[in-house]
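One structure below.
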Amino acid sequence: MNRIDQAFQQKKNILNIYFTAGFPSLNDTTRIIRLLEQSGGVDMIEIGIPYSDPVADGPTIQESNQRAIKNGMTLKKLFEQLSDLRSYCALPIILMGYINPVMQYGIEKFLQKCTEIGIDGTILPDLPFQEFLDDYKALYQKYGIYNIFLISPQTSEERLRKIDTASEGFIYMVSSNSITGAKQKQTEEQIKYFQRIANMNLRNPRLIGFGISNRTTFENACKYAHGAIIGSAFIQLLSKHQDNLEEAIPAFIKEIRG
Amino acid sequence: MFPITQQGYYGEFGGAYIPEMLYPNIEELQKNYLSIIESDDFQKEFRRLLRDYVGRPTPLYYATRLSEHMGFHIYLKREDLCHTGAHKINNTIGQILLAKRLGKKRIVAETGAGQHGVATATVCALMGMECIVFMGELDTKRQKPNVDRMRMLGAKVIPATSGSKTLKDATNEAMRFWINNPVDTHYIIGSVVGPHPYPDMVARFHAVISEEIAQQLQSSVGRSEPDYVLACVGGGSNAAGAFYHFYQNSKTKLIGLEAGGHGIHSGMTAATIAVGRVGVLHGSKSLVIQTEDGQVIEPHSISAGLDYPGIGPLHAWLAKSGAASYFPITDEEAMRAGLLCTRLEGIIPAIETAHALAYLPKLNAQSHEIAVVNLSGRGDKDLTTYINYFEEKNML
């Protein structure tokens, strides 16, 4: 069974943490994975493949992408770093990135490598849903990798149903009309949207992402979905405490979990 | 016109590679753009504004001295005489009329050298719409006069401080702004780039260029098809307009001139057809100047308007299918051609346009043949660059 499905079967209030590979330093990738796993409070990890033009990301993740590229991070390098991933990490791991670096690496080679290493899913925000169905789905199935789709408050019900039918793992609910970035609280409008989606009885579980930054926003998201994703706030933490990740990461997770 | 599939592909190039957050906006455009722009009501208003406001038709001018110098017949399509000084306004008029019909209240745009930003700010003033223009922080300094023009016109110019702080990043910022404001905002892209239907839509708004060339040539020499059409290509909007009605006509050779910068093997180039590889940038699959790992490389050209690491998918396809040819022109060739045109014809072309003029000596045309150069913009904005360049070389 895919580790993502397992997590949703066994756990509630899933906490998924995003970080950019190769940030703050090139070789921090595996160290951060270990610390997240050891913290005991993280259920899923999303590793960002850095890209020069991350159009769906706010300033925090843009900067981490730029710095990671400067540090020398590439998809090839990331796969090297993750080669013995499954010897120390049992959590579901998702690779998040833009389509161009994946296309240059070669989609089949990419999926093959994911299976070999033990990656469970991908999030490619600028790969269109229809293109995925037409050109990528068969390959994903061949290698047993899930591709996670995004929905936003603007997504129509008809499209949402289509996405739900074609999805595996979970649906990534973008919390508002927005690029990524930490926010302190959620608005009434967002809560209405969370409620509307919760009432649709979708077949897939949902994680809420974008703007989730602290215990309040995380717990609130968990009321309406199966958990949430924290990205920018975690990147800010890595940036601020890069010399002391061993203490900072567990403390951050503890603060979110309460 | 160029053949495009339902999904927005020219051969393997095109599509709509956008995050889900923009899907409703793009879908709205895809579903409505053709019925709106083909409607009588739209065409009437569009044509009226092109005539009375932009100043169309622009002249097709027989360049006597340049023709003598080159040894064949040369016509210049005077897009530099459009209101605001370049072809860009054909597209911004079309898109703002479309935005109004879609009920949008605000316009966002990107700009490199500032020509598209000025053309967008102009039509926003004309229509009384709020206008936000993203411009790379570096470009706001290099092209200050255009920043001031936009401000005078009432636009809010926001410096893009991310990435390399130039056109590519201004485009990223405009897209991010659109993601954050999807309901009331229309994004006016300045070239035949971006997700479907932008490349097709922008090409259609500029198609008036080749429509006029054909009519004007017919009335002056009794034939509507030139032997050659030359146009510079960054994203490729003026070339798309100049080629539009001559595509698939066996008599006319279509030639696009890219910014070779210091030379295509120098690492300092913007010649995407020459050095790009298939990839995705700003919402479409096309050729992209990028590293082996898929990171987009900041290009170089002396002309800020050609300084773009991608190219419209229709040009990638025209090049691949052989329906048009593309050649790189170096900074130096372009600058010299700009000076030559100025001294022979009394027309100072934009440095972008000078790239097209620079190919004339290499064309090897017969003395009876006719070449039309799309004179896409005027060079006033480039005077400082021209003067500094020629003074350094003791050419003035």
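None of the values given here were measured: they were computed from a predicted structure. Note that these values count all heavy atoms, side chains included, but never hydrogens, waters or copies made by symmetry. Labels below follow one simple rule: chain letters A, B, ... track the order of the sequence lines, proteins then strands, and each chain is numbered from 1.
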Take a 6.0 Å sphere around CD of A:E189 and say whether it holds more than 12 heavy atoms from other residues, nucleotides or ligands. no

Hey, is NZ on B:K320 packed in by over 12 heavy atoms from elsewhere, all under 6.0 Å? no

To the nearest 0.5 Å, tell me how far [X] [atom1] sits from [Y] [atom2].
X      : Y      : atom1 : atom2 : value
A:Q130 : B:Y23  : CD    : OH    : 7.5 Å
A:D53  : B:S162 : CG    : OG    : 8.5 Å
A:S52  : B:L281 : OG    : CG    : 7.5 Å
A:I99  : B:K285 : CD1   : NZ    : 8.5 Å
A:Q66  : B:Q295 : CD    : CD    : 10.5 Å

Proximal component of [X], with respect to chain A [non-hydrogen, under 4.5 Å]:
X      : result
B:I179 : both
B:V288 : neither
B:Y17  : both

Side chain, backbone, both or neither of [X] within contact of chain B (heavy atoms, under 4.5 Å):
X      : value
A:Q154 : both
A:P54  : both
A:Y51  : both
A:I69  : side chain
A:N65  : neither
A:F132 : neither
A:V55  : both
A:L150 : both
A:I151 : backbone

Does either side chain, that of B:Q290 or that of A:Q104, offer a donor lying less than 3.5 Å from an acceptor on the other one? yes

Might you point out which heavy atoms bring A:N100 and B:V280 nearest each other, and give the distance in Å? OD1-N, 3.0 Å

On a heavy-atom basis, the closest approach of A:A56 and B:M21 is CB-CE, 3.9 Å

Go through B:K168, B:E27, B:M175 and name the one with the most non-hydrogen pairs under 4.5 angstrom from chain A. B:K168

Between B:E20 and A:R159, does at least one N-O distance fall below 4.0 Å, as a salt bridge requires? yes

Taking every non-hydrogen pair under 4.5 Å, which of A:S156, A:G58, A:P50, A:P128 racks up the most with chain B? A:P128

Identify which of A:Q62, A:E63, A:K77 forms the greatest number of heavy-atom pairs closer than 4.5 Å to chain B. A:Q62

Would you sort out whether A:L75 and B:D293 count as a side chain to side chain contact (heavy atoms under 4.5 Å, CB included), showing the intermediate values? CA-CA 7 Å; A:L75 189 48; B:D293 306 305; over 6 Å; no

With side chains defined as the heavy atoms from C-beta onward, is the minimum distance between B:E292 and A:K76 less than 4.5 Å? no

